[in-house]
Asker: 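Pasting in a structure now, in structure tokens, and then I'll have a few things to ask.
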Amino acid sequence: MGDLNTFPLSYKVQGKRIVIIGGGEEALNKVRLVTKTTATVVIISQHIEIDFSAFVVEVFVRAFVAADLDNAALVFVAEESADAEAAKAAARAQNIPLNVVDVPSECDFYTPSIIDRAPLTVAISTEGDAPVLARLVRARIEAMLSPRIGKIAKLAGGLRQKVESLIHEGAARRRFYEALVTSPEVEAAELRGEGEAAASALLDQHVVGRQGQGVVWLIGAGPGSEDLLTLRSQRLLQEADVIVHDQLVPSAVVQMGRRDAEQIDVGKAKGHHSFSQAQINTLIVRLALEGKKVARLKSGDPMIFGRAGEEIAALRKAGIGYQIVPGVSAALAAAADTATPVTLRKVSSGFVMATAHGADDSDLAHWASLAQSGLTLALYMGKSIASEVATRLIGQGAAATLPVGVVVNAGRANKSFYRGTLGALSSEVLELADGPAIIFVGEAVAAGDWADAATIAAQGFKVA
Ligand code: SAH
């Protein structure tokens, strides 16, 4: 404590000029920064090397004159020249804060790394010692803040008088503002341009003391690695009172939620049998009716083989608000793991996510013809019946020579790969690693990088 040589503050520049002496790369860096403000940005140099037309700035190709600093709030010097020296002297004489690029000893102030969610600003400074660290910290904070948080801060500002007249108790006001700036519903409404109405509705709820309305978020957890969760999913998990998750969602992902959130694993109930879909529907409706914020966390993307349709119908029927957050589906993680372009010019004009589970002959005939025409099939839930499905696809007209690739535990540290042909898969008694699997079928599979894959060979050769 007490070691700062600079003092961070927010300095008013509205209605003033920010003057930059210089016309090169360094001037450009400062232009990027200061054009985030509403100040008039003026660039003066006899050597303009950059095209500044993408910015709202005034550019003067001439010598510096003393009048250039009239009404100036800040001066940046980003070149070495007689003009630069004159500008420095003039700024000092008039006590206008001066920054000389890359010369700390001549600077009155440094420019921080800025996160701009106007009116919310986060400035990160290392007093010039470690700009790289400042950038890293900035990236982390950027990830934590919704892109719309600034708009929501404006909504809060706009409601200030109304809030003061309607909510008299300080703590209650604070609770309202906290709810407003963290509410995913207001954020979603803001995205649709209905932020003001949503904020007012939230205020009404707080005024009549009904703030605890429940909601269900259907969240895609991705294939099972914490860092394949979207930023939005992570933010919602932090808001949830209860996390209702499937067995396929690894605990590391569930742990991304709030520490004190209740966790319910609907894939592994007491006595080892899981909840039925009807029980899950009832559960999420009940929790929301109790006023809880429920994160319904599903593996991959919630809309793909996630029974989301049934859960959404139940929520609609009960009149409960919901939101859906997409996730990285297993087939996409598998494609990434094996560098397989599932669509490929001149080879595969499309990509089909299908389930091998419960498919009838007409489904199989359909997929066989799609695979024959070049489309890539990604089969979900087909691991235990892989060779049977391969046999049936061939029976319906798919070529036994079609390339096949299997990814077990896609997107996870313990992933493993198998490659071969549809023919080999059909005659193989496959022994794959433990974990969920995606089976790719199609010509584009051969374009992937399956170098680390075990071979699926015919005639009973076993792959461990
Ligand atoms: N909604 C999920 C799919 C759920 S169905 C998604 O979009 O990914 C369950 C099936 O998904 C599994 O049988 C398996 O085929 C596939 N799956 C889920 N996670 C997987 C993973 N990490 N690796 C490979 N396949 C996975």
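From a predicted model like this one, the values you see are computed outputs, not experimental measurements. Whatever order the structure lists them in is the order used to number ligands and atoms, beginning at 1. The first residue of the sequence shown is numbered 1, and numbering continues consecutively from there.
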Asker: Run the numbers for me: atoms of ligand 1, each under 4.0 Å from some heavy atom of Ser329, listed by number.
Answerer: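 So the atoms of ligand 1 that pass are 6 (C), 7 (O), 8 (O).
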Asker: For the backbone of Gly327 and the side chain of Asp301, can you confirm whether one donor and one acceptor N or O come within less than 3.5 Å of each other?
Answerer: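 Pair found, side chain donor or acceptor close to backbone of Gly327.
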Asker: Could you tell me whether some N/O pair between Val408 and ligand 1 is separated by less than 3.5 angstrom?
Answerer: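 Min N/O separation from ligand 1 is not below 3.5 Å for Val408.
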Asker: Is there any N or O on Pro223 that sits under 3.5 Å from an N or O of ligand 1?
Answerer: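 Among all N and O atoms of Pro223, at least one is under 3.5 Å from an N or O of ligand 1.
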Asker: Does a donor on one side chain and an acceptor on the other come within less than 3.5 Å for Trp367 and Gln372?
Answerer: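 No, Gln372 and Trp367 have no side-chain donor paired with an acceptor closer than 3.5 Å.
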Asker: Within the 4.0 Å heavy-atom shell around Asn409, which atoms of ligand 1 are there?
Answerer: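 Within the 4.0 Å cut-off of Asn409, ligand 1 contributes 22 (N), 23 (N).
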Asker: Judging by distance only, is a nitrogen or oxygen of Leu379 under 3.5 angstrom from one on ligand 1?
Answerer: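 There is no such contact.
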Asker: So for atom CZ, which belongs to Arg258, do other residues, nucleotides or ligands contribute more than 12 heavy atoms lying within a distance under 6.0 Å?
Answerer: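 Above 12, so yes.
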Asker: Can you name the atoms of ligand 1, numbered from 1 with element, that are less than 4.0 Å from a heavy atom of Ile438?
Answerer: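 Every atom of ligand 1 under 4.0 Å from some heavy atom of Ile438: 24 (C), 25 (N).
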Asker: Using heavy-atom distances, let me know which of Ala437, Ala331, Ala333, Ala410 sits nearest atom 22 (N) of ligand 1.
Answerer: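 Among Ala437, Ala331, Ala333, Ala410, the closest heavy atom to atom 22 (N) of ligand 1 comes from Ala410.
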Asker: Only heavy atoms of Arg412, strictly under 4.0 Å: list the atoms of ligand 1 that pass.
Answerer: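 Taking each heavy atom of Arg412 in turn, ligand 1 has 22 (N) under 4.0 Å.
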Asker: When only distance counts, is Gly306 in polar contact with ligand 1, meaning an N/O pair under 3.5 Å?
Answerer: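 In this structure, Gly306 places no N or O atom under 3.5 Å from an N or O of ligand 1.
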Asker: Which atoms of ligand 1 are found less than 4.0 Å from any heavy atom of Val407?
Answerer: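 Atoms satisfying the 4.0 Å criterion: 24 (C).
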Asker: Heavy-atom distances under 4.0 Å are what count here, so tell me which part of Lys415 touches ligand 1: side chain, backbone, both or neither.
Answerer: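 For Lys415, there is no contact with ligand 1 at all, from either part.
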Asker: Could you tell me which non-hydrogen atom of Val101 sits nearest to which non-hydrogen atom of Glu26, and how far apart they are?
Answerer: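 Closest heavy-atom pair between Val101 and Glu26: CG1-CD, 3.8 Å.
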Asker: Report yes or no: does Lys298 have a heavy atom closer than 4.0 Å to ligand 1?
Answerer: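 Heavy atoms of Lys298 never come under 4.0 Å of ligand 1.
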Asker: For ligand 1, does Leu248 get within less than 4.0 Å through its side chain, its backbone, both, or neither, judged by non-hydrogen atoms?
Answerer: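 Leu248 to ligand 1: side-chain contact only, backbone stays beyond 4.0 Å.
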Asker: Just by distance, no angles: are the side chains of Glu127 and Thr6 close enough, under 3.5 Å, to form a donor-acceptor pair?
Answerer: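 There is such a pair (donor and acceptor under 3.5 Å, judged by atom type) between the side chains of Glu127 and Thr6.
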Asker: Using a distance-only test with no angle check, is there a side-chain donor-acceptor pair under 3.5 angstrom linking Thr376 and Ser348?
Answerer: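 The answer is yes; a qualifying pair exists.
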Asker: I want to know if ligand 1 touches Tyr380 in the polar sense, i.e. an N/O pair below 3.5 angstrom.
Answerer: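 N/O-N/O distance under 3.5 Å: no.
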Asker: Between Thr340 and Trp450, does any side-chain donor sit less than 3.5 Å from a side-chain acceptor?
Answerer: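 Yes, because at least one side-chain N or O of Thr340 sits under 3.5 Å from a partner of the opposite role on Trp450.
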Asker: Just checking, any donor-acceptor pair under 3.5 angstrom between side chains of Tyr110 and Thr126?
Answerer: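 There is no such pair (donor and acceptor under 3.5 Å, judged by atom type) between the side chains of Tyr110 and Thr126.
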Asker: Counting non-hydrogen protein atoms only, what is the nearest one to atom 24 (C) of ligand 1? Give residue, atom name and distance.
Answerer: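 The protein heavy atom lying closest is Pro436 O, 3.2 Å.
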Asker: Considering non-hydrogen atoms of the protein only, which is the closest contact for atom 1 (N) of ligand 1, and what is the distance?
Answerer: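 Looking only at protein heavy atoms, the one closest to atom 1 (N) of ligand 1 is Ile304 O, 2.6 Å.
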Asker: Side chains of Tyr322 and Arg296: is there a donor and an acceptor less than 3.5 Å apart?
Answerer: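 Looking only at side-chain atoms, Arg296 and Tyr322 do not form any donor-acceptor pair under 3.5 Å.
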Asker: If you take the nearest heavy atom of each of Ala378, Ala356, Ala330, which one is closest to atom 19 (N) of ligand 1?
Answerer: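 Result: the heavy atom closest to atom 19 (N) of ligand 1 is in Ala330.
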Asker: Is Asp434 atom CG crowded by more than 12 heavy atoms from other residues, nucleotides or ligands, each under 6.0 Å away?
Answerer: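 No.
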Asker: Distance only, no hydrogens: is a donor on one side chain within 3.5 Å (strictly under) of an acceptor on the other, for Glu311 and Gln277?
Answerer: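 A donor-acceptor contact under 3.5 Å links the two side chains.
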Asker: Ser299: heavy atom below 4.0 Å from ligand 1, yes or no?
Answerer: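 Contact present.
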Asker: When you compare ligand 1 with Phe305, is there at least one nitrogen or oxygen pair between them that comes in under 3.5 angstrom?
Answerer: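 For ligand 1, there is no N or O atom that lies under 3.5 Å from one belonging to Phe305.
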